[in-house]
Amino acid sequence: MKVVVQVVEKIVSEAHIHIPDGLTEDAIRQHIVGFYNSGEITRDLNIFQVDFESISATIVQQPQEAV
């Protein structure tokens, strides 16, 4: 029997980054988004928390072999 199991989790990642002083709130957002979009923040992200959302299983019918 073959069963396909699907687990859905919400993963919260956290990174500690340095932002230049004196930026407005909008400039801080822009800086963080630019940092994320460039891929630079990816290496700093660490899994902080994982919340279990759901689990499901589906039995996959396999054809009977002829004897």
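- Hydrophobic clustering (side-chain heavy atoms under 4.5 Å, transitive across Ile, Leu, Val, Met, Phe, Trp, Tyr) groups Tyr36 together with Ile28.
- Looking at Glu9 and Glu53, their side chains never come closer than 4.5 Å, going by heavy atoms from C-beta outward.
- Taking Ile, Leu, Val, Met, Phe, Trp and Tyr as hydrophobic and joining them when side-chain heavy atoms fall under 4.5 Å apart, one finds Phe52 in a cluster with Met1, Val3, Val5, Val7, Ile55, Ile59.
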Do Ile32 and Ile17 pass the side chain to side chain contact (heavy atoms under 4.5 Å, CB included) test, and can you show the C-alpha distance, the side-chain angles, and the key distance before you say yes or no?
CA-CA 9 Å; Ile32 292 169; Ile17 60 174; 4.1 Å; yes
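- Residues Ala15 and Ile41 approach most closely at CB-CG1, 4.1 Å, considering heavy atoms.
- Remark: Glu25 CD to Gln30 CD distance equals 13.5 Å, nearest 0.5 Å.
- Under a hydrophobic-cluster definition in which Ile, Leu, Val, Met, Phe, Trp and Tyr are linked whenever side-chain heavy atoms come within less than 4.5 Å, directly or via other members, Ile19 and Phe35 are assigned to the same cluster.
- Pairing each heavy atom of Glu40 with each of Arg43, the nearest pair is O-CG, 3.4 Å.
- The NE2 atom of His31 sits 14.5 Å away from atom CG of Asp26, with the distance rounded to the nearest 0.5 Å.
- Remark: Asn46 CG to His16 NE2 distance equals 8.0 Å, nearest 0.5 Å.
- No more than 12 heavy atoms of other residues, nucleotides or ligands sit less than 6.0 Å from atom CD1 of Ile47.
- Closest of all the heavy-atom pairs between Leu45 and Ser13 is CD2-CB, 4.0 Å.
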